[in-house]
J.: 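Have a look at this one before I ask anything.
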Amino acid sequence: MTDCYKPRDECGLSSAIKDAATAKMPLVVRGAGSKSAMGRPLGGYAMPLTTERMRGVSLYEPTELVIGALPGTPVSEIDRMLAKHNQMLPFEPMDHRVLFGTSAEPTIGGIVAGNVSGPRRVAVGACRDSLIGVRLVTGRGDIVKSGGRVMKNVTGLDLVKLTCGAWGTLGVLSEAIFKVLPKPARSLSLGLRGLDDMTAISALTAALGSTFAVSAAAHIPASIGSDSTTIVRLEGSEGSVAYGSRELARLWCSFGLPDLIEGDESANFWLRIRDAHWLAQPMDRSIWRLSLAPSKAPRALADIRRKLGVRYFYDWGGGLVWLAVVGADDAGASVVREAMVNTGGHATLVRASSEIRRRIDVFEPLPPAVLKLTQEIKKSFDPDRVLNFGRMYAGI
């Protein structure tokens, strides 16, 4: 038997999974490996299966705003092709290489597996909201197609949404089809200095609740830099962005006079937000993503900061908090989970040592009824438990 499955096409992928199921051999599924350190370590030996040879754009119809690609296709390759027609993936996927210290390029299969999204999610939705069709191979080796080339309502079990964010535990992607968007004609940012967390969230909420073309909203506290920065991005036509920036400055008058940030300075700032650049070093710090109502985020952070040494910043208008924990044996899990219970949020441990990820929950613990349903879905897709078994939850 091979020491690593490297299929070149969907049929080869199906054969590899069938062989593994027959041999009761668990598989650890990855693309290029840029996010291999995410999730629970798989217990015992598991045969690697990589989709990195399954690459290439399978369809592209610029006039229909639709693109499809095989799972091992680098995101950068898709971005370059879309750029030729002044188009883009709407959800601005994060690049985890900075956080994990890896060099492998992110692949579109990995982006779908993790439902990876960036700052623009607050305006256009997550990866799963742009994903309109998939082909995947289940743990039985069956080839399944769901969705298509147009957005439409779905009755019954929506496999497109179900498999996006399942981290390869239900099936291995063999093709993904997305709806894309035209690139905005103009993009600029407005930034306020010196606001505390609660005031910053109020400013971001006001901007996002306005009629102006705000496509991203974040707050970087003073602990990250020399002063706090509360920043929004406006995107759209020349006229709409010019008008929106003037009117937003007026809307924000009670918070202060905003700075206008354009060009590379603006673009690079949002790249650092997208990739959690400020928290990447030192590499021994554990990293969390907290998802909760923006109005409750400062309270949750205050609870956590009273008990843990942390660095953090807000994205998605305060709905996403990136958190780096300093010197806690459990990565601060007990404190973070308690804060989420108190505020109705949920937390995902993005980066920690293998030992920590093996003994604590990486993803938000599931209520008993949801856990049972998740177990049944896993069983129906992967009865022999060969696909990334235990990566999200122990025993699943």
Side-chain angles (χ1 to χ4, degrees), residues 31 34-35 38-39 65-69 71 73 75 78-79 82 87-96 99 106-134 136 146-147 150-154 157-171 173 175-181 183-184 204 208 213-218 232-233 235 270-271 273-276 287-294 297 313-322 340 344-350 362-364 366 370 374 392:
S34 65
K35 294 180 287 300
M38 177 70 187
L65 297 174
V66 172
I67 194 166
T73 309
V75 176
I78 296 173
D79 287 341
L82 290 172
Q87 295 175 350
M88 64 181 184
L89 291 170
F91 51 95
E92 200 172 4
M94 178 185 180
D95 185 337
H96 285 78
L99 276 189
T107 63
I108 200 63
I111 296 300
V112 173
N115 189 32
V116 178
S117 312
R120 198 178 286 110
R121 184 194 189 283
V122 74
V124 302
C127 171
R128 61 164 51 96
D129 297 302
S130 293
L131 186 66
I132 60 175
V134 296
L136 71 152
S146 180
V150 296
M151 300 292 286
K152 57 185 177 182
N153 293 328
V154 176
L157 192 63
D158 186 350
L159 297 184
V160 175
K161 300 294 190 291
L162 182 67
T163 56
C164 186
W167 289 94
T169 59
L170 300 180
L173 195 75
E175 184 185 35
I177 301 173
F178 296 92
K179 202 74 173 175
V180 301
L181 288 179
K183 282 189 173 181
L204 296 178
L208 288 167
V214 176
S215 68
V232 298
R233 182 177 62 195
E235 293 181 319
W270 288 105
L271 282 177
I273 292 172
R274 186 195 73 177
D275 299 340
I287 305 291
W288 292 85
R289 292 173 80 252
L290 315 182
S291 298
L292 66 172
F313 69 92
Y314 300 86
D315 198 0
W316 302 353
L320 172 66
V321 179
W322 283 99
M340 293 300 96
H346 63 84
T348 301
L349 181 58
V350 175
V362 172
F363 295 90
E364 186 69 18
L366 299 175
V370 178
T374 303
M392 294 190 73

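When a residue number appears, it is its place in the shown sequence, counting from 1.
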J.: When you check the side-chain N and O atoms of Ser215 and Arg233, is any donor under 3.5 Å from an acceptor?
T.: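 A pair is found: one side chain offers a donor N or O, the other an acceptor, under 3.5 Å apart.
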J.: Look at the rings of Phe313 and Trp322 and say which category their plane angle falls in: under 30° parallel, 30 to 60° tilted, over 60° perpendicular.
T.: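 Answer is parallel, since the angle falls under 30°.
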J.: For the residue pair Ile67 and Gln87, establish whether any side-chain heavy-atom pair is separated by less than 4.5 Å.
T.: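 Answer no - side chains too far apart.
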J.: My understanding is that only residues two or more places apart in sequence, or in another chain, count here; which of them pass side-chain contact (heavy atoms from CB on, under 4.5 Å) with Ala166?
T.: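 Ala166: side-chain contact (heavy atoms from CB on, under 4.5 Å) contacts with Thr169, Leu170.
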J.: I'd like to know if the side chain of Glu92 reaches the main chain of Arg120, judged simply by a donor and an acceptor atom lying under 3.5 Å from each other, with no hydrogens or angles considered.
T.: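 Checking the backbone N and O of Arg120 against the side chain of Glu92, a donor-acceptor pair under 3.5 Å is found.
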J.: Quick one: do Val66 and Lys179 satisfy side chain to side chain contact (heavy atoms under 4.5 Å, CB included)? Show the steps, please.
T.: CA-CA 5 Å; Val66 172; Lys179 202 74 173 175; 4.0 Å; yes
J.: Suppose we screen for side chain to side chain donor-acceptor pair (under 3.5 Å). Which residues come up paired with Trp316, at least two apart in sequence or across chains?
T.: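 Once residues adjacent in sequence are excluded, Trp316 has no partner under the side chain to side chain donor-acceptor pair (under 3.5 Å) criterion.
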J.: Indicate yes or no: at least one non-hydrogen side-chain atom of Val75 is less than 4.5 angstrom from one of Pro93.
T.: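 Side-chain contact under 4.5 Å: yes.
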J.: Please list, chain by chain and in numerical order, all residues satisfying side chain to side chain donor-acceptor pair (under 3.5 Å) with Asp275, sequence neighbours excluded.
T.: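 For Asp275, no residue satisfies side chain to side chain donor-acceptor pair (under 3.5 Å) once neighbours in sequence are set aside.
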J.: Do Leu89 and Ile108 have side chains that approach each other closer than 4.5 Å (heavy atoms only, starting at C-beta)?
T.: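 Contact flag for Leu89/Ile108 side chains = yes.
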J.: Check whether any side-chain heavy atom of Val160 sits under 4.5 Å from a side-chain heavy atom of Ile132, and report yes or no.
T.: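 Of all side-chain heavy-atom pairs linking Ile132 with Val160, none is under 4.5 Å.
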J.: With sequence neighbours excluded, tell me which residues meet side chain to side chain donor-acceptor pair (under 3.5 Å) with Arg121.
T.: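 Per chain and number, Arg121 pairs via side chain to side chain donor-acceptor pair (under 3.5 Å) with no residue.
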J.: Please name the pair of heavy atoms, one in Val112 and one in Cys127, separated by the smallest distance, quoted to 0.1 Å.
T.: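 Scanning both residues completely, I find the closest heavy atoms to be CA-SG, 4.1 Å.
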J.: With heavy-atom distances below 4.5 Å as the criterion, would you say the side chains of Ser117 and Arg128 are in contact?
T.: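 Ser117 does not reach Arg128 side chain to side chain.
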J.: Excluding sequence neighbours, so at least two apart, what forms ring pair (Phe, Tyr, Trp, His ring centres under 6.0 Å) with Tyr314?
T.: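 For Tyr314 the ring pair (Phe, Tyr, Trp, His ring centres under 6.0 Å) partners, ignoring immediate neighbours, are His219, Tyr312.
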J.: Kindly determine whether Thr348 and Glu364 satisfy side chain to side chain contact (heavy atoms under 4.5 Å, CB included), including the steps that lead there.
T.: CA-CA 6 Å; Thr348 301; Glu364 186 69 18; 5.7 Å; no
J.: With sequence neighbours excluded, tell me which residues meet side chain to side chain donor-acceptor pair (under 3.5 Å) with Thr374.
T.: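 If we apply the side chain to side chain donor-acceptor pair (under 3.5 Å) test to Thr374, skipping adjacent residues, there are no hits.
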